[in-house]
Engineer: 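Before I ask anything, here is the structure I am working with.
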Amino acid sequence: MRHLILGAALALLLPVAAQAEGDAAAGEKAFAPCKSCHNFEKNGVGPQLKGVVGEKAGQGRDGYAFSEALKNSGITWDEANLKEWLTDPKKKVPGTKMVFPGIKDPKKVDDIIAYLKTKS
């Protein structure tokens, strides 16, 4: 009986866990506002983002002039840090040059992270 209850509880939680994963196709669309400053080929107003997932913040973007705050943040762009950054960059790294106010929809944030992973 205990196994039956445990199995039922896991079956109920599975859809919730699946929703936490981002959708890369939706993330490509949600990334649209980011394109005014970022792409995946070359630096522009913001640094190019190809391969950014897993990298140290403020590094690895040949020739891009990062803020001292970002260079000294000690952040590695994992999912947790990207979620905080995309939600509120200035809160995550006070002193950053990024003027974007952040994305308040957690689903869009997860989707953008999924999309960025496809570019890494």
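Computed from heavy atoms alone, side chains included, the values below leave out hydrogens, waters and symmetry copies.
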Engineer: Drop me the distance from E79's CD to D110's CG, to the nearest 0.5 angstrom.
Structural biologist: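 So the gap between those two atoms works out to 7.5 Å.
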Engineer: Judged by atom type as modelled, is there a donor-acceptor pair below 3.5 Å linking the side chain of T96 to the main-chain atoms of V93?
Structural biologist: no
Engineer: Compare every heavy atom of A69 with every heavy atom of P94, then report the nearest pair and how far apart it is.
Structural biologist: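 In this case the closest contact between P94 and A69 is O-CB, 3.3 Å.
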Engineer: Between S36 and P33, which heavy-atom pair has the shortest distance, and what is it?
Structural biologist: OG-O, 3.2 Å
Engineer: Hey, what do you get for CZ (F31) to CD1 (I113), rounding to the nearest 0.5 Å?
Structural biologist: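 Going from CZ on F31 over to CD1 on I113, the span is 12.5 Å.
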Engineer: For the CZ atom of F40 and the NZ atom of K119, what is their distance to the nearest 0.5 Å?
Structural biologist: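 Nearest 0.5 Å value for the CZ-NZ distance: 5.5 Å.
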Engineer: Donor-acceptor check, side chain of H38 to backbone of P47, threshold 3.5 angstrom: yes or no?
Structural biologist: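 Between the backbone of P47 and the side chain of H38 there is a qualifying donor-acceptor contact (under 3.5 Å).
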Engineer: Just wondering, more than 12 heavy atoms not from K91 lying within 6.0 Å of its NZ?
Structural biologist: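 Not more than 12 within 6.0 Å, no.
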Engineer: Between L82 and V53, is a side-chain contact (heavy atoms from CB on, under 4.5 Å) present by the stated rule, with each step listed?
Structural biologist: CA-CA 8 Å; L82 283 167; V53 178; 4.0 Å; yes
Engineer: Roughly how far apart are N43 CG and C37 SG, rounded to 0.5 Å?
Structural biologist: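 Result: 12.0 Å between the selected atoms.
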Engineer: Looking at M98, is its backbone amide N or carbonyl O close enough to the side chain of K90 to form a donor-acceptor pair, meaning the two atoms are under 3.5 Å apart?
Structural biologist: yes
Engineer: How long is the straight-line distance from CD1 of I112 back to CG of D23, given to the nearest 0.5 Å?
Structural biologist: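 Spacing of CG (D23) from CD1 (I112) equals 12.0 Å.
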Engineer: Distance to the ring centre below 6.0 angstrom and angle to the axis at most 45 degrees; does that hold for K71 and F66?
Structural biologist: no
Engineer: If I take atom CG from residue D78 and atom CD from residue E55, how far apart are they, to the nearest 0.5 angstrom?
Structural biologist: 13.0 Å
Engineer: Does K92 pair with D88 as a salt bridge, N-O distance under 4.0 Å?
Structural biologist: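 A salt bridge is absent here (no side-chain N lies under 4.0 Å from a carboxylate O).
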Engineer: Taking all atoms of both residues into account, what is the closest heavy-atom pair of V109 and T87, and its distance?
Structural biologist: CG2-OG1, 4.0 Å
Engineer: Give a yes or no on whether the backbone of G22 and the side-chain of Y115 come within a donor-acceptor separation of less than 3.5 Å.
Structural biologist: no
Engineer: Please, which pairs that meet salt bridge (charged side-chain N to carboxylate O under 4.0 Å, His left out) have at least one residue in residues 29-51, sequence neighbours excluded?
Structural biologist: none
Engineer: Kindly say whether E68 contributes a backbone atom to a donor-acceptor pair with the side chain of N72 at under 3.5 angstrom?
Structural biologist: yes
